[in-house]
Amino acid sequence: MIEEITLHDLDVDKFIADRVSEIQSIVGDGTAINALSGGVDSSVVTMIGHRALGTRLRNIIVENGIMREGEAEQVVGFFRELGVTVEVADAKEEFFAALKGVIDPEEKREAITQTFYKKVFGRMVKESGAKYLLQGTILTDIDETSAGIKRQHNVFAQIGIDPQEAFGYRIIEPLIQLRKAGVRIVGQALGLSPELFARIPFPGPALAARIIGEVTPERVETVRKATVVLEKILKDVNAFQYMAILHDDRVTGMRNGKRDFGMQIEVRCWDSVDARTAKPTRLAYDVLETIAQEMIEQVSGVVSVTYNIATKPPSTLEAV
Ligand code: XMP
């Protein structure tokens, strides 16, 4: 059982100092690899790990082909300004090969987990001689995986998987006792810019969590474009998270006076404190209209745009 550090109990300076010395004592004079996605959690781990190990920590962002537009370069840039070097590892083909023909949501998540941890990080750890992987798992990730709701891509020990046996390295999780709000406070104290510590959450399975049905490069491109449109329109609404989802079914529409059997995009925008429960944001109708219009104009092949008004539960935030 992991003991939660609530916001009330969080002593930020002590938390950072404790995690830094913990990492130093575990890794000793060895090296470690840091799995950076550019999300809030892994960005905070990167700063803690950098304080603890400096250049003995290799920060890797995996270009898995399912990230948002320009994401890897953007994250490398953010960290360059903080004096932290981040390497980009290209694994697009491996991810698309693993996702080919996979439709079931849990199988999709499993394919992504295996490609990240067994193939890509497994190979890096072997090649570099590192024995440890740092990652940004938080308490909410564990709750949902242990409850059998959703297999979060980064949870192992708590569901009986020994990473050493399964992948050949040990995993260090400095944020395991925190939830999102606590992580953000720690991030701010570590000097991350608001662009990073206040970023909306983004899941490890990335845009694949927003594609119903098969994840192909073409379908990812559609969701990626829809995400650009949505994030631009909603960036100032102050919601917990928002996302565009590509449905599997097509619907009849019309374009230029002709029948167009087109794609459907579902928009979700959530108010939440810790992602355990959530309510749809009451977006103004003219905002919804702008979303629909721009989505249809800018994402080719889309003829239907819907806004989800279900709550979590029974919905989850992501569609997959
Ligand atoms: P759900 O969809 O379960 O999401 O309501 C709750 C929060 O977790 C994020 N999420 C993930 N984060 N690995 C992650 O690191 C995952 O596999 C994963 N799946 C969902 C989701 O974006 C939301 O913020």
Side-chain angles (χ1 to χ4, degrees), residues 35-46 61-69 71-72 74-75 91 95-96 98-99 102 104-117 120-121 135-156 158-159 173 175-176 178-181 183-184 187 196-213 215 219-220 223-224 226-228 230-231 234 239-246 265-270 272-278 308 312-313 315-320:
L36 172 64
S37 71
V40 188
D41 310 334
S42 67
S43 295
V44 171
V45 167
T46 302
I61 182 159
V62 178
E63 174 47 270
N64 50 21
I66 49 180
M67 287 197 291
R68 286 171 292 188
E69 193 162 277
E71 188 140 35
Q74 193 188 22
V75 173
F95 276 87
F96 282 121
L99 286 163
V102 183
D104 178 78
E106 286 296 292
E107 283 176 22
K108 221 183 266 182
R109 287 175 163 271
E110 187 58 22
I112 291 168
T113 297
Q114 292 300 328
T115 311
F116 261 126
Y117 291 89
V120 180
F121 292 130
Q135 69 164 11
T137 319
I138 64 171
L139 202 47
T140 318
D141 300 336
I142 291 177
D143 287 346
E144 299 210 340
T145 303
S146 337
I149 296 167
K150 194 172 273 195
R151 196 248 186 276
Q152 304 267 322
H153 82 292
N154 49 1
V155 175
F156 303 106
Q158 293 77 15
I159 52 170
E173 298 170 315
L175 307 181
I176 204 85
L178 300 180
R179 296 189 188 275
K180 204 60 118 194
V183 176
R184 291 208 160 105
L196 279 172
F197 75 74
R199 247 183 153 192
I200 56 167
F202 189 67
L207 296 173
R210 301 171 182 177
I211 294 178
I212 300 173
V215 178
R219 301 192 79 214
V220 171
V223 173
R224 187 176 284 134
T227 304
V228 171
L230 191 71
E231 292 193 347
L234 295 185
F240 179 83
Q241 198 169 3
Y242 33 87
M243 56 201 67
I245 293 153
L246 175 61
I265 292 285
E266 174 192 332
V267 172
R268 297 183 180 187
C269 179
W270 298 107
S272 176
V273 176
D274 55 16
R276 283 188 291 181
T277 60
N308 187 315
K312 172 181 180 175
S315 182
T316 55
L317 270 58
E318 304 289 348
V320 166

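Remember, predicted model here, so these are calculated numbers, not experimental data.
- For Ile112 against Phe95, the heavy-atom pair with the smallest separation is O-CE2, 3.9 Å.
- Arg68 has its side chain out of reach of Gln74: every pair of non-hydrogen atoms, C-beta onward, lies at least 4.5 Å apart.
- Of all the heavy atoms in Arg224 and Gly65, the pair that sits closest is NH2-O, 2.8 Å.
- The distance from the CD1 atom of Ile176 to the CD1 atom of Ile142 is 3.0 Å, given to the nearest 0.5 Å.
- Not counting sequence neighbours, the partners of Arg151 by the side chain to side chain donor-acceptor pair (under 3.5 Å) test are Glu110.
- A search for ring-ring contact (aromatic ring centres under 6.0 Å, His included) contacts involving Phe156 returns Tyr117, Phe167, not counting sequence neighbours.
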Exercise. When you look at Lys180 and Asp274, which way does the side chain to side chain contact (heavy atoms under 4.5 Å, CB included) test go after all the steps?
Worked result: CA-CA 6 Å; Lys180 204 60 118 194; Asp274 55 16; 5.8 Å; no

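- Within 6.0 Å of CD in Glu69 there are 12 or fewer heavy atoms belonging to other residues, nucleotides or ligands.
- A donor-acceptor pair under 3.5 Å is formed between the side chain of Ser42 and the backbone N or O of Ser37.
- For the atom pair OG1 of Thr227 and CG of Leu207, the computed distance is 5.0 Å after rounding to the nearest 0.5 Å.
- The pair Lys108-Glu318 fails the salt-bridge criterion, with no side-chain N (NZ, NE, NH1 or NH2) lying under 4.0 Å from an Asp/Glu carboxylate O.
- Atom CD of residue Gln152 and atom CG of residue Asp143 lie 9.5 Å apart, to the nearest 0.5 angstrom.
- In plain terms, the two heavy atoms of Glu63 and Ala72 that are nearest each other are OE2-CB, 4.0 Å.
- The line from OG1 of Thr140 to CG of Leu178 is 9.5 Å long, rounded to the nearest 0.5 Å.
- Ile265 and Ala226 make their closest contact through CD1-CB, 3.9 Å (heavy atoms, listed as atom of the first residue, atom of the second, distance).
- When Arg109, Lys312, Arg276, Lys150 are each tested for a salt bridge (charged side-chain N to carboxylate O under 4.0 Å, His left out) with Glu144, only one passes: Lys312.
- With hydrogens and angles ignored, the 3.5 Å screen pairs no side-chain donor or acceptor of Glu71 with any backbone N or O of Gly38.
- Taken to the nearest 0.5 Å, the NE2 atom of His153 stands 11.5 Å off from the OG1 atom of Thr115.
- Remark: side-chain polar atoms of Ser272 are not paired, donor with acceptor, to backbone N or O of Phe240 under 3.5 angstrom.
- Proximity of Pro205 to Val320: side-chain heavy atoms (C-beta onward) are nowhere separated by under 4.5 Å.
- Taking each heavy atom of Leu196 and Ser43 in turn, the nearest pair found is CD2-OG, 3.7 Å.
- When the side chain to side chain donor-acceptor pair (under 3.5 Å) test is applied to Glu266, the partners found at least two apart in sequence or on another chain are His247, Arg268, Asn308.
- Panel note: side chain Arg179, backbone Val273; no donor-acceptor pair is recorded below 3.5 Å.
- Scanning all heavy atoms of the two residues, the minimum distance from Ile66 to Ala208 falls at CD1-CB, 4.0 Å.
- We find the CZ-CG distance between Arg219 and Leu246 to be 4.5 Å, quoted to the nearest 0.5 Å.
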Exercise. Could you walk me through whether Val102 and Val215 pass the side chain to side chain contact (heavy atoms under 4.5 Å, CB included) check?
Worked result: CA-CA 7 Å; Val102 183; Val215 178; over 6 Å; no

